[in-house]
Enquirer: 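Please read through the structure below; I'll follow up with questions.
Predicted model only: the values in this text are computed from it and were never measured.
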Amino acid sequence: NFLISSSGSFHFIENTSSFNFSSSSKFIESVSDIVEAIGKDNKMKSSGGIYPLIGKGREFRQFFERTTEFWSLFWKDYYPRFIKDKNLIEFLITFLTILSNSILRPLRHTATFLSFTFSTNMLHSLSSIKSALGDNRTQLKSAKNKAKNNANSANSDKINEKIKEWKKICENDYQDIETIESYLTLIYEDVFQNRYREILPEIRILCIESLSNWIKIYPFKFLAPEHLKYFGWNLTDKAVVVSLATLSRLIEINNEKDFLVHLEQFKTRSKKRTVERCGDKS
């Protein structure tokens with residue numbers, strides 16, 4: 001209901017019985033029925049196409065910040081459950097994906113925004129886990145070295161217990177990383193890769209801005225040619241506002257000294273397009 005109302009619709013889902021969770025196909029069918037019902041919402045049609053993400057008033061401007069904050073708290077509160085219950089988050093991602101492909105602009109834009117905000121919060125967690133894993137592996141290595149040096153000492157049993165503890169912690173970290181990355185892949189492949197070609201310039205800009213944020217948060221994964229290519233393609237976007245937004249984000253990324261070595265191949269390939277855009281006075 002939060003997502004639906006955020007798109008400017010007055011449609012309200014009374015209870016979860018509207019969704020069929022028995023299978024993925026049944027769930028998709030039930031969500032599609034809800035989207036169809038929203039499309040028939042006369043109040044939504046009479047709003048003139050205005051919804052929070054494009055509204056000009058103060059209350060609309062605050063929507064972005066408050067929604068981002070809410071989604072962050074939502075992820076933090078439910079993170080342990082999402083890690084354990086894959087079905088729960090997969091249904092949520094499926095819900096967001098279906099709405100992000102809706103023919104209704106408000107739903108499509110809002111669902112895309114929420115999907116990317118969700119991904120950003122997942123990436124913050126992923127980055128923290130990666131950092132913690134590095135420290136935990138160091139502790140495990142240290143414990144193993146102590147075990148070698150104290151193989152016949154009275155403390156050997158305690159040291160071996162510590163090794164087991166650190167191994168378990170590292171295993172949990174690896175498992176959490178794998179789980180979160182699988183969620184991110186779902187959103188990236190089913191939402192981002194469809195919406196970067198979106199007819200609406202606002203959504204194409206949202207894709208580029210989100211990808212830029214993901215690179216800064218988790219360069220380990222996103223600072224790679226298969227992701228940077230979207231910047232190259234959007235440099236020549238037919239809408240000047242999109243290509244300029246792309247150029248602006250590229251400048252930000254290029255200002256990160258640690259990223260420079262990873263950008264060499266991209267800069268070589270996109271140099272001509274970048275120069276053309278910089279000289280474009282349109």
Enquirer: Hey, could you give me the CG/OG1 distance between Leu126 and Thr179, rounded to the nearest 0.5 Å?
Expert: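 That separation rounds to 10.5 Å.
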Enquirer: Establish whether Trp233 and Ile251 are linked, either directly or via other cluster members, by ILVMFWY side-chain heavy-atom contacts under 4.5 Å.
Expert: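 Yes, same cluster.
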Enquirer: With a 4.5 Å heavy-atom cut-off, do Leu228 and Ile215 have their side chains touching?
Expert: yes
Enquirer: Counting only N and O atoms by type, is there a donor-acceptor contact under 3.5 Å from the side chain of Thr120 to the main-chain atoms of Phe116?
Expert: yes
Enquirer: Using the six-membered ring wherever Trp is involved, compare the ring planes of Phe74 and Trp71 and label them parallel, tilted or perpendicular (cut-offs 30° and 60°).
Expert: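 Geometry flag for Trp71 against Phe74: parallel rings.
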Enquirer: Ser131 side chain to Ser128 main-chain N or O, any donor-acceptor pair under 3.5 Å?
Expert: no
Enquirer: Check the surroundings of atom CD in Glu226: do more than 12 heavy atoms from other residues, nucleotides or ligands lie under 6.0 Å from it?
Expert: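 For Glu226, atom CD is crowded (more than 12 foreign heavy atoms under 6.0 Å).
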Enquirer: Looking at Ile98, is its backbone amide N or carbonyl O close enough to the side chain of Ser102 to form a donor-acceptor pair, meaning the two atoms are under 3.5 Å apart?
Expert: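 The answer is no, because no donor-acceptor pair under 3.5 Å joins these two groups.
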Enquirer: Any donor and acceptor pair, going by atom type alone, linking the side chain of Arg195 with main-chain N or O of Ser100 inside 3.5 Å?
Expert: yes
Enquirer: Could you tell me whether the side chain of Leu206 reaches within less than 4.5 Å of the side chain of Thr112, counting heavy atoms only?
Expert: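 Yes, at least one pair of side-chain atoms sits under 4.5 Å.
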Enquirer: Which value, rounded to the nearest 0.5 Å, describes the distance between Lys257 atom NZ and Leu260 atom CG?
Expert: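 Answer for the NZ-CG pair, Lys257 versus Leu260, is 9.0 Å.
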Enquirer: Is there a donor-acceptor pair closer than 3.5 Å between any side-chain N or O of Asn136 and the backbone N or O of Ala132?
Expert: yes
Enquirer: How far apart are the closest heavy atoms of Asn194 and Asp190, and which atoms are they?
Expert: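 Shortest heavy-atom separation between Asn194 and Asp190 comes out as ND2-O, 2.9 Å.
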Enquirer: Residues sharing Ile203's hydrophobic cluster, by side-chain heavy-atom contacts under 4.5 Å among ILVMFWY, directly or via others?
Expert: Ile199, Leu200
Enquirer: Is there a chain of hydrophobic side chains (I, L, V, M, F, W, Y, each step under 4.5 Å between heavy atoms) that links Val242 to Phe231?
Expert: no
Enquirer: Indicate the ring-plane relationship of Tyr188 and His227, choosing parallel, tilted or perpendicular according to the 30° and 60° boundaries.
Expert: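 It falls in the perpendicular class, over 60°.
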Enquirer: Side-chain heavy atoms under 4.5 angstrom apart, residues restricted to Ile, Leu, Val, Met, Phe, Trp, Tyr: same cluster for Phe91 and Tyr183?
Expert: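 Yes: a chain of side-chain contacts under 4.5 Å links Phe91 to Tyr183.
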Enquirer: Within the 4.5 Å heavy-atom criterion, are Ile187 and Leu96 side-chain neighbours or not?
Expert: no
Enquirer: Do the side chains of Thr236 and Ser243 get nearer than 4.5 Å, heavy atoms only?
Expert: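 The answer is no; the side chains never approach within 4.5 Å.
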Enquirer: Is there a path of hydrophobic side-chain contacts, each under 4.5 Å between heavy atoms of I, L, V, M, F, W or Y residues, that connects Ile205 with Val240?
Expert: no
Enquirer: Working to the nearest 0.5 angstrom, can you tell me the gap between Thr246 OG1 and Glu209 CD?
Expert: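 If I round to the nearest 0.5 Å, the distance is 9.0 Å.
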Enquirer: Around Lys216, counting heavy atoms of other residues, nucleotides and ligands shown, do more than 12 lie under 6.0 Å from its NZ?
Expert: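 Enclosed.
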Enquirer: What I'd like to find out is whether the side chain of Gln139 reaches to under 4.5 Å of the side chain of Asp135, using heavy atoms alone.
Expert: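 Not touching, per the 4.5 Å side-chain cut-off.
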Enquirer: Got Leu92 and Phe118 here, is their nearest side-chain heavy-atom distance under 4.5 Å?
Expert: yes
Enquirer: Once you round to the nearest 0.5 Å, how far does CG of Leu263 lie from CD of Glu256?
Expert: 10.0 Å
Enquirer: Taking Glu69 first and then Arg66, would you say they form a salt bridge - that is, a charged N and a carboxylate O separated by under 4.0 Å?
Expert: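 No salt bridge links Glu69 with Arg66.
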Enquirer: Could you walk me through whether Glu181 and Lys130 pass salt bridge (charged side-chain N to carboxylate O under 4.0 Å, His left out), step by step?
Expert: CA-CA 12 Å; Glu181 285 189 337; Lys130 274 276 188 179; 5.4 Å; no
Enquirer: Check for a donor-acceptor pair, side chain of Ser248 on one end and backbone N or O of Leu244 on the other, with a separation under 3.5 Å.
Expert: no
Enquirer: Considering all heavy atoms of both residues, which atom of Ile163 and which atom of Leu140 are nearest to each other, and what is their separation?
Expert: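 Nearest heavy atoms, Ile163 then Leu140: O-CD1, 3.6 Å.
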Enquirer: When you look at Lys158 and Glu161, which way does the salt bridge (charged side-chain N to carboxylate O under 4.0 Å, His left out) test go after all the steps?
Expert: CA-CA 5 Å; Lys158 290 184 178 180; Glu161 283 300 317; over 6 Å; no
Enquirer: Judged by modelled atom types alone, do Ser125 and Trp75 share a side-chain donor-acceptor pair under 3.5 Å?
Expert: yes
Enquirer: Counting N and O atoms only, with roles assigned by atom type, does the side chain of Ser212 sit under 3.5 Å from a partner on the main chain of Ile208, one being a donor and the other an acceptor?
Expert: no
Enquirer: By the definition ring-ring contact (aromatic ring centres under 6.0 Å, His included), identify the one residue from Phe222, Tyr230, Phe220 that meets it with Trp214.
Expert: Phe222
Enquirer: Please answer: with hydrophobic residues joined when any side-chain heavy atoms are less than 4.5 Å apart, are Ile83 and Leu73 in the same cluster?
Expert: no
Enquirer: Below 4.5 Å, heavy atoms only, C-beta onward: do Arg249 and Asn213 meet side chain to side chain?
Expert: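 Arg249 vs Asn213: side chains touch.
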Enquirer: Would one find more than 12 heavy atoms of other residues, nucleotides or ligands at under 6.0 Å from atom CD of Gln193?
Expert: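 Yes - once you tally the heavy atoms of other residues, nucleotides and ligands closer than 6.0 Å, there are more than 12.
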